[in-house]
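Notes to accompany the following structure.
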Amino acid sequence: MKTRDLIKLLLRNGFRLERHGGNHDIYVRNGKREPIVHHTETEEKLAKAIIKRQGLK
């Protein structure tokens with residue numbers, strides 16, 4: 001999955017960018033944090049785990 005598509009999904013579901021980091025950006029919603037790596041592609045297994053963990057649609 002493209003990382004930018006994963007970020008768009010997070011933003012549509014109410015996450016906001018908390019901060020940029022050296023290797024990750026941190027997105028938050030209701031106290032839950034999700035680090036997203038700075039790569040053009042996110043491994044499919046990792047993307048599915050993030051979607052499931054955060055209950056994204």
Side-chain angles (χ1 to χ4, degrees):
M1 173 178 239
K2 294 211 177 283
T3 301
R4 68 175 175 242
D5 293 335
L6 181 58
I7 291 170
K8 286 179 186 177
L9 183 61
L10 287 169
L11 294 174
R12 275 196 310 254
N13 282 276
F15 279 82
R16 64 176 177 79
L17 177 65
E18 182 178 67
R19 66 180 173 86
H20 288 285
N23 296 320
H24 294 78
D25 290 338
I26 308 297
Y27 290 85
V28 294
R29 175 182 71 177
N30 300 330
K32 291 185 179 180
R33 293 181 180 199
E34 194 60 57
I36 304 296
V37 296
H38 289 231
H39 296 282
T40 54
E41 291 282 329
T42 300
E43 290 184 27
E44 197 65 33
K45 193 173 184 180
L46 175 60
K48 286 181 180 182
I50 291 169
I51 290 168
K52 183 178 179 182
R53 179 173 50 236
Q54 298 300 338
L56 304 179
K57 296 178 182 178

Of all residues at least two apart in sequence or in a different chain, which pass the side-chain contact (heavy atoms from CB on, under 4.5 Å) check with I51?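 Per chain and number, I51 pairs via side-chain contact (heavy atoms from CB on, under 4.5 Å) with M1, L6, L9, L56.
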With I7 via side-chain contact (heavy atoms from CB on, under 4.5 Å) - residues at least two apart: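 Once residues adjacent in sequence are excluded, the partners of I7 under the side-chain contact (heavy atoms from CB on, under 4.5 Å) criterion are T3, L11, Y27, I36.
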Salt bridge (Lys or Arg N to Asp or Glu O under 4.0 Å) involving [X] - partner list, sequence neighbours excluded:
| X | value |
| --- | --- |
| R16 | none |
| K2 | E41 |
| R12 | none |

Hydrophobic cluster mates of V37, side-chain heavy atoms under 4.5 angstrom, ILVMFWY only, any path?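 Answer for V37: none, a lone residue.
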Using a 4.5 Å cut-off between side-chain heavy atoms of Ile, Leu, Val, Met, Phe, Trp and Tyr, which other residues end up in the same hydrophobic cluster as V28? I26
Which residues share a side-chain hydrogen bond (donor to acceptor under 3.5 Å, both in side chains) with H24, sequence neighbours left out: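 H24 satisfies side-chain hydrogen bond (donor to acceptor under 3.5 Å, both in side chains) with no other residue.
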Quick one: list whatever passes side-chain hydrogen bond (donor to acceptor under 3.5 Å, both in side chains) with H39, sequence neighbours left out. none
Measure the spacing between CG of L46 and NZ of K48 and express it to the nearest 0.5 Å.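 If we round to the nearest 0.5 Å, L46:CG and K48:NZ are 12.0 Å apart.
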For residues 29-39, pull every pair meeting salt bridge (charged side-chain N to carboxylate O under 4.0 Å, His left out), keeping only residues two or more places apart or in separate chains. E18-R33, E34-R53
Taking atom types as modelled and ignoring hydrogens, do the side chains of H38 and D25 form a donor-acceptor contact shorter than 3.5 angstrom?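 H38 vs D25: donor-acceptor pair found between side chains.
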